[in-house]
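Below: the structure, in structure tokens.
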Amino acid sequence: MTATVPTPSLVGDERSMSAAEYEVWAAEVRRLADARGAVVLAHNYQVREIQDVAHFTGDSLHLSRIAAETDAREIVFCGVHFMAETAKILSPDKTVLLPDHAAGCSLADSITAEQLREWKAEHPGAVVVSYVNTTAAVKAETDICCTSSNAADVVRSIPEDREILFLPDQFLGAHVKRVTGRANMSIWAGECHVHAGISPADVRSQIAAHPDAEILVHPECGCTTSVLDLVSHGDLPADRTRVLSTGGMAEAASATRAPQVLVATEIGILHQLRALNGTTDFIPMNARAACRYMKMITPAKLLNTLRTGEGAIDVAPDVAARARRAVEAMISIGDPGRGGE
């Protein structure tokens with residue numbers, strides 16, 4: 001059976017197939033996945049069709065841990081390159097396939113392993129804390145990883161007299177430094193181009209238009225500091241404003257009874273939030289906040305990967321072993337749950 005998949009022209013959160021086309025495509029995806037003994041994992045920011053057909057949807061670390069626990073022979077990771085690497089790090093004996101190896105990440109690419117080694121040389125004895133949104137090579141140079149939901153706990157676990165090098169996200173780092181009060185914490189000046197583009201002006205405009213809405217803000221956002229300043233000055237209600245990871249947003253969406261919720265993160269997650277709660281209106285803080293790298297994993301590319309088995313991710317064993325230690329060090333502090341990035 002051959003499924004015909006139209007070439008998508010996705011800009012944001014819209015579908016690329018009719019309902020009938022989706023059913024034909026989805027049936028073929030599931031048939032091929034069963035035949036290959038594969039599990040399909042989809043990140044929260046993927047296009048709607050891929051989220052709907054995946055066996056599991058969530059943030060990258062949650063999905064990577066599912067990959068390690070599943071009996072599937074193959075992991076088809078619909079996300080960006082560093083995420084598939086993390087799955088391979090935690091599942092070294094399994095085949096991990098990424099439908100498009102060009103699907104990168106502006107945040108992960110904001111620091112290289114060589115740059116990290118140079119930074120470490122300038123700060124001998126410092127503890128390196130890396131966000132999971134980093135390459136395997138950077139994780140291999142890291143003492144302990146963190147997620148956006150447990151970054152503060154990771155930093156608090158480090159003795160106060162030890163200097164910390166936090167990377168690569170400057171907005172998450174600033175948020176963690178603020179909530180922990182950690183003075184001896186240097187922060188790399190990296191950013192996610194999508195989250196950095198959600199600005200304080202977006203916040204002011206949307207809050208003016210929706211004054212009674214609850215507000216969910218991802219800590220990678222360029223607007224996080226502005227939002228928290230508005231809260232501290234009483235211009236935003238603290239009880240309706242939360243800084244959360246994508247996993248935390250999903251949990252909040254399930255529980256809220258608010259008529260409207262403003263969401264400051266990549267707009268792909270809106271599909272999942274709306275599926276979790278059909279009575280609340282989830283509104284993007286910036287409707288243009290779509291990651292072009294996430295949208296590179298198209299329905300046609302997923303189908304091709306399942307047909308051909310192409311797209312295997314390889315991480316050198318020595319790099320994977322050192323990177324795994326950094327991830328395991330994080331998990332030993334406490335279960336990051338579904339918090340992820």
Side-chain angles (χ1 to χ4, degrees), residues 8-16 42-51 57-60 78-80 82-83 103-110 131-133 147-149 168-172 174-175 190-210 213-228 230 236 241-250 252-253 260-277 280-298 339-341:
S9 56
L10 278 167
V11 177
D13 192 38
E14 62 272 13
R15 290 188 178 276
S16 63
H43 189 269
N44 293 320
Y45 299 158
Q46 289 291 294
V47 298
R48 293 183 179 196
E49 289 90 347
I50 289 177
Q51 289 193 45
T57 302
D59 64 69
S60 65
C78 297
V80 295
F82 83 81
M83 298 178 179
C105 171
S106 58
L107 178 56
D109 289 345
S110 67
Y131 192 22
V132 292
N133 294 36
T147 69
S148 59
S149 62
D169 190 82
Q170 60 182 312
F171 299 114
L172 175 60
H175 174 64
E191 64 182 29
C192 161
H193 73 285
V194 175
H195 285 102
I198 303 175
S199 69
D202 294 324
V203 173
R204 289 191 294 271
S205 173
Q206 289 289 52
I207 289 172
H210 310 281
E214 288 186 357
I215 301 165
L216 305 180
V217 180
H218 194 283
E220 286 181 37
C221 287
C223 65
T224 304
T225 298
S226 176
V227 167
L228 293 175
L230 289 170
L236 281 180
T241 305
R242 301 172 70 185
V243 178
L244 296 170
S245 65
T246 55
M249 288 182 179
Q260 294 181 324
V261 175
L262 290 170
V263 182
T265 190
E266 208 274 356
I267 59 176
I269 200 172
L270 295 172
H271 179 56
Q272 183 183 154
L273 302 186
R274 290 162 180 163
L276 289 168
N277 182 340
T280 294
D281 184 14
F282 293 96
I283 304 164
M285 196 73 81
N286 181 332
R288 301 176 305 281
C291 177
R292 64 183 182 271
Y293 299 114
M294 283 288 181
K295 275 42 175 181
M296 289 174 72
I297 310 300
T298 64
E341 74 284 323

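Computed from a predicted model, the values in this text were never measured in an experiment.
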Closest non-hydrogen atom pair between Leu262 and Ala213, with its separation: CG-CB, 4.0 Å

Least distance between heavy atoms, Ala264 atom then Met249 atom: O-CE, 3.8 Å

Any donor-acceptor N or O pair under 3.5 Å, side chains Ser106, His193: yes

Nearest non-hydrogen partners of Asn286 and Gly197, listed with the distance: ND2-O, 3.5 Å

From OH (Tyr293) to CG (Leu107), nearest 0.5 Å: 11.5 Å

Spacing of CD belonging to Gln51 relative to CG belonging to Asn44, to within rounding of 0.5 Å: 6.5 Å

Nearest atoms (heavy-atom pairs only) where Asp169 meets Leu172: OD2-N, 2.6 Å

Gln206: which of Ile215, Val263, Ile283, Ile198 passes side chain to side chain contact (heavy atoms under 4.5 Å, CB included): Ile283

Ala253 versus Asn277, closest heavy-atom pair with distance: O-ND2, 3.0 Å

Non-hydrogen side-chain atoms of Ser148 and His218 separated by less than 4.5 Å: yes

Separation between OG1 of Thr246 and CG of Asp59, rounded to the nearest 0.5 Å: 4.5 Å

Rounded distance [0.5 Å steps], OG1 in Thr57 versus OH in Tyr45: 13.5 Å

Taking every non-hydrogen atom, the tightest pair across Val47 and Ile297: CG2-O, 4.2 Å

Close side-chain approach of Asn133 and Pro168, heavy atoms under 4.5 Å: no

Pair Ser60-Phe82, side-chain contact (heavy atoms from CB on, under 4.5 Å): steps then yes or no: CA-CA 9 Å; Ser60 65; Phe82 83 81; 4.1 Å; yes

Short side-chain to backbone donor-acceptor contact, Ser205 and Asp202, under 3.5 Å: no

Atom pair CD/CZ of Glu214 and Phe282 - distance to nearest 0.5 Å: 8.5 Å

Donor-acceptor under 3.5 Å (Glu266 side chain, Cys291 main chain): yes

Passing candidate, side chain to side chain contact (heavy atoms under 4.5 Å, CB included) with Val80, options Gln46, His43, Met294: Met294

Value rounded to 0.5 Å, distance of CD1 in Ile207 from OG1 in Thr241: 6.5 Å

